[in-house]
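Structure record follows, encoded as structure tokens.
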Amino acid sequence: MSDLHFYNSYTRQKEKFEPITPGHVGLYVCGPTVSGESHLGHARPYITFDVVNRYLKHLGYKVRYVRNITDAGHFEEEGREAEDKVAKKAQLERLEPMELVQKYTNLYHWGMHSFNCQDPSIEPTATGHIIEQINMIKTIIEKGYAYEVNGSVYFDVKKYAEKYPYGKLSGRILDDLLETTRDLEGQDEKRNKVDFALWKSAPPEHIMRWTSPWGEGFPGWHIECSAMSSKYLGETFDIHGGGMDLLFPHHESEIAQSTIVHGHAPVRYWMHNNMITINGKKMGKSYNNVIKLTELFSGNHPILQQAYHPMVVRFYILQTHYRSTLDFSNEALQASEKAFRRLWEAYEVLQKLQASGNAGAKDAALDEQVRTWCRECGEFMDDDFNTAKVIANLFEIAPVVNGIKGGQVAADALSADTLKLMLDTFRIYLEEVLGMQALQQQDNDKLDQVMALLIEMRKEARARKDFATSDQIRNKLAEAGVLLKDEKDGNMSYTIE
RNA sequence: GGUCGGAUGGCCGAGUGGCUAGGCUCAGCUCUGCAAAAGCUGCUACAGCGGUUCGAAUCCGCUUUCGACCUCCA
């Protein structure tokens, strides 16, 4: 069906993608913990896997895309005094936990829509799947791989590792972990410090709590993803995605849990996006270098020189391969903004180009070159979703388009077929697969009429060589953020900054 | 300390053995009343040191250096 290959974190090599059920793909991506505002770092996985989802659909697959919302809260620090992030913040802000969760869920959705990320097919919440999680934990206990202590349940990693390859995904060696894992307080309940919590007994101050066979408490870190992915995608599904920082312990634990419950590994292909860094350091709460999406889009942050449009951020992210780190800088974002404006304008020019009517191409070499650039876009996507190379090729095509419009390239240099292929390539790859949109929608009839009047006045001024007036019109408009451009044929067009 | 991954031109970033991605910046030119836009041209880099090879940014070794994970983390 396709020739898609991509890097599987589990086997550490590129593999040909073959879905379990022909024509269908099950895709699970770890969603956000909605205990705070989404930030630039969050943008990366969601844009990355949005493109994966879009490309799979472009290839003709029917995709069930599941992306969870973690709203049950996790521990501030495993093993220490249980401190639910959601509950803690809620007390500080004097909000109901679910009110807080709702607020940040809404903000997250707003951010995703700003980025033009398509909604997942199912967006399950952890709080909505407590029963499924409890059932999974019960099964793990029954099979002898978990134990209860004081109302908490822990996964027995050491026992698991005797039969299964614990640590394969993240490259850990159990003996090393046993030796090198930092000593944390309050781990007495665990048999080994590598064990992780499946269920945690809730102390009295903990607001979010549910009744379980082990008393009142809340689910551990990793069980929600195992419960929800298997519920909606099956015991084994095709692709599981997330940030690289989730490799260990989150995804490693998911594999262990699911393997015990279902008797086999849960995922065929693991995909991990790399981090966004700022001054070389990962963007994250621990580093105090977070730029929230609201700040990014408004420019309201000390290190931001300006506001950045969501589409500029998306473009900037897609100009780098998803497995490379991406270092944030104003310079880089500004370069992406200029680049994207130029590329998108070329696309708009392309949409207005009239086919010459000639079936054949006058410039066979150029025609062939353009066809190659177009064809390669699919090949690049098939090779581990190389969006950077796709964009590079679109930039190769752009001067040809602009050249035809500007007269530097003969109108009949390319065949009608090739013109159509160029247009299809931009539409399919730039819009549908990369998910890019115009920076602003210009569908304002009234503004168009006002501009038509100003343009007419300026044309008349120029006709009588009254350049003072024509310049004044152009300059004043520029001050207002409306750029007038004189076209070759004496016409004028405008763009809004 | 353990494990893993990077170091590419002024900047951002593709790229896994030969055919010098692309973007931004900068300089020159064409077009233009002047601009802007667009087009053309120029700027040939791969941390260092060894090695393998006819040939290495790309493979191997060492060094320097940065980072990620090992604790919630996208």
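Rounded to the nearest Å, the gap between the P atom of B:C60 and that of B:A7 is 14 Å. Atom name C1', nucleotides B:G6 and B:G15: the rounded distance is 15 Å, in whole Å. Rounded to the nearest Å, the gap between the P atom of B:A47 and that of B:A37 is 35 Å. Only the C1' atoms considered, B:U53 is 16 Å distant from B:G61, to the nearest whole Å. Nucleotides B:A21 and B:A45 are separated by 11 Å at their P atoms, to the nearest Å. Taking atom P in both B:U52 and B:G67, the straight-line distance is 34 Å, to the nearest Å. Atom name C1', nucleotides B:G22 and B:C43: the rounded distance is 16 Å, in whole Å. With P as the reference atom, B:G9 and B:U41 are 24 Å apart, rounded to whole Å.
Using a 4.0 Å heavy-atom distance criterion, A:Q334 is classed as making no nucleic acid contact. Across all strands, A:S170 comes closer than 4.0 Å to no nucleic acid atom at all (heavy-atom distances). Heavy atoms of A:F248 sit under 4.0 angstrom from primed sugar atoms or phosphate atoms, though from no base atom. Residue contacts shown for A:K281 are limited to sugar-phosphate atoms, with no base heavy atom under 4.0 Å away. Nucleic acid contact class of A:L343 (heavy atoms, under 4.0 Å, all strands): none.
Between the side chain of A:N192 and the main chain of A:D195, no donor-acceptor pair closer than 3.5 Å is present. A:Q133 places no side-chain N or O within 3.5 Å of a backbone atom of A:P219 that could act as its donor or acceptor partner. Side-chain N or O atoms of A:D384 include none that pairs as donor or acceptor with a backbone N or O of A:F6 at under 3.5 Å. No donor-acceptor distance shorter than 3.5 angstrom exists from the side chain of A:E368 to the backbone of A:A365, with no hydrogens or angles considered.
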Give every pair of a protein N or O atom and an N or O atom of nucleotides 7-12 of chain B that lie under 3.5 Å apart, one pair per line with the distance.
residue	atom	partner	partner atom	Å
B:C11	O2'	A:E331	OE1	3.2

Please tabulate the protein-to-nucleotide N/O contacts below 3.5 Å involving nucleotides 25-32 of chain B, giving atom names and distances.
residue	atom	partner	partner atom	Å
B:U25	OP1	A:K338	NZ	2.8
B:C31	O2'	A:K488	NZ	2.6

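Put simply, CG on A:D175 is 16 Å from P on B:G2, counting in whole angstrom units. Taking atom CE of A:M244 as the reference point, atom C1' of B:A68 lies 9 Å away to the nearest angstrom. Separating the CZ atom of A:R12 from the C1' atom of B:C69 is a distance of 12 Å, rounded to the nearest angstrom. Whole-Å rounding puts the A:N402 CG to B:G23 P distance at 12 Å. Summarising the geometry, the separation between CD on A:Q319 and C1' on B:G23 is reported as 6 Å, rounded to the nearest angstrom. Atom C1' of nucleotide B:G15 and atom CG of A:D384 are separated by 13 Å, given to the nearest angstrom.
Between A:F196 and A:Y154, the ring centre distance reaches or exceeds 6.0 Å.
For the pair A:K282 and A:Y287, the cation does not sit on the ring face, since its NZ or CZ is not both under 6.0 Å from the ring centre and inside 45° of the axis. Taking the ring axis of A:F467 as reference, the NZ or CZ atom of A:R462 does not stay both within 45° of it and closer than 6.0 Å to the ring centre.
Pairs engaging residues 106-127 of chain A under the salt bridge (Lys or Arg N to Asp or Glu O under 4.0 Å) rule: A:R67-A:E123 [sequence neighbours left out]. Within the structure, salt bridge (Lys or Arg N to Asp or Glu O under 4.0 Å) contacts touching residues 390-411 of chain A (residues at least two apart or in different chains) are A:K405-A:E487.
Tested against A:F115, the residues A:Y46, A:W110, A:Y316, A:F297 include a single ring-ring contact (aromatic ring centres under 6.0 Å, His included) partner, A:F297.
For B:C24, the base has no donor-acceptor partner in the side chain of A:R342 [N/O atoms by modelled type, under 3.5 angstrom]. At a cut-off of 3.5 angstrom, the base of B:G33 holds at least one donor-acceptor pair with the side chain of A:D471.
Looking at every heavy atom in both residues, A:N279 comes nearest to A:D327 through N-OD1, 3.5 Å.
You'll find that the side chain of A:H42 is closest to B:A74, out of B:C70, B:A74, B:G2.
A:Y308 pairs by the ring-ring contact (aromatic ring centres under 6.0 Å, His included) definition with nothing, not counting sequence neighbours.
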Problem set entry | Bracket notation of RNA chain B in which parentheses pair within the strand, [ ] cross earlier pairs, and | pairs with another strand (Watson-Crick or G-U, under 3.5 Å) | (((((((..(((.....[...))).(((((.......)))))....(((((..]....))))))))))))....

